Amino acid sequence: MADVRIGVVGCSGRMGINLLKTIAATAGCAIAGGTERPGHAAVGGALGALAGLEDVDLAVGDNAAALFAASDAVLDFTVPAATVMHARLAAETGTPLVIGTTGTDAGEDAAIAEAARQVAVMRAANMSVGVNLLAQLTQQVAAVLDEDFDIEIVEMHHRYKVDAPSGTALALGKAAAAGRAVEHDAVAQRGRDGITGERVRGGIGYAVLRGGNVVGDHSVVFAADDERLELTHKAADRTIFARGAVRAALWLQGRAPGLYGMKDVLGF
Ligand code: NAD
């Protein structure tokens, strides 16, 4: 069977480079090409050189439409505005799309969902197997423990991350809310500063740390009087996300249009 040709938009980003390496290292896949934001310094340069892949004879492009046309699937770990543009291109060309971008607003989420009516899209705030298992466990534990247990979600990422709380932290909060059968946005406490008053019973709190080159640490803390249960995942390398993204790109081949999650890909 021919290799599945996978394109990478945002190919010179932290995740973009990892995605190129992971496609090259995965049997049955080939790099279809990569794009960067028009005007970016990487455009026109050697694509393979970004990832130490000297035998890849392609240049970094800035024409996303051409990349979608040349790909069997595209991986998008960029910024929300670019992701919305890429989702529209996916719908127009019928090319399945894997979206890892976080920090989207409600309008951007709606635009992605609209595109997914016409093409298969897999979207996940975190593509590691371990974090998806953590979300499942969080939902189960939240379903068992009542509101005597305060739920706090603590995350730490590298100093360059631009959105907070992380998309993964919010996904874990939503898993906890689903376990308790409550509306996440009605109970989320996303920031505390100054005289905040006492903790609201049933609230799901977030705490955000930024520093160094931390790839991504997440803990869900269930704190009651006299006992505390903590579930923690620590990512040591971005390759865990890239492997999940490539796995999803293969899984999307031949799928009906729709918005899928990592749970679908992993068969949880
Ligand atoms: P980054 O800033 O290193 O990379 C983003 C890249 O996208 C940059 O190179 C930027 O120039 C490029 N870009 C911006 N606009 C573009 C456009 N119009 N066309 C093509 N490229 C464009 O960031 P990063 O650390 O790689 O993270 C990217 C996103 O992925 C963030 O939202 C992050 O939270 C998310 N992320 C998700 C997962 C996951 O598993 N879902 C894992 C890690 C990171």
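Just so it is clear, the structure is predicted and the values come from calculations on it, not from any experiment. Start at 1 and go down the list; that is how both ligands and their atoms are numbered. Just so you know, these numbers use all the heavy atoms, side chains as well, and skip hydrogens, waters and symmetry mates.
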*Among G34, P38, A124, which residue places a heavy atom closest to atom 41 (N) of ligand 1?*
A124
*Closest by any non-hydrogen atom to atom 14 (C) of ligand 1: pick that one out of D62, V79, D163.*
V79
Would [X] count as being in polar contact with ligand 1, using the rule that some N or O on each side must be under 3.5 angstrom apart?
X	value
M127	yes
K161	yes
S128	no
T102	yes
T101	no
M15	yes

Nearest-contact summary for [atom] - protein heavy atom, Å:
atom	result
atom 29 (C) of ligand 1	T78 O, 3.4 Å
atom 2 (O) of ligand 1	R14 NH2, 3.7 Å
atom 37 (C) of ligand 1	G100 O, 3.0 Å
atom 18 (N) of ligand 1	A82 CB, 3.4 Å

*Numbering the atoms of ligand 1 from 1, which are under 4.0 Å from a heavy atom of H40?*
11 (O)
Indicate whether the side chain of [X] and that of [Y] have a donor and an acceptor atom separated by less than 3.5 Å.
X	Y	value
D76	H86	yes
T232	H218	no
T104	R123	yes

*Between A125 and ligand 1, which residue portion shows a heavy-atom distance shorter than 4.0 Å: side chain, backbone, both, or neither?*
backbone
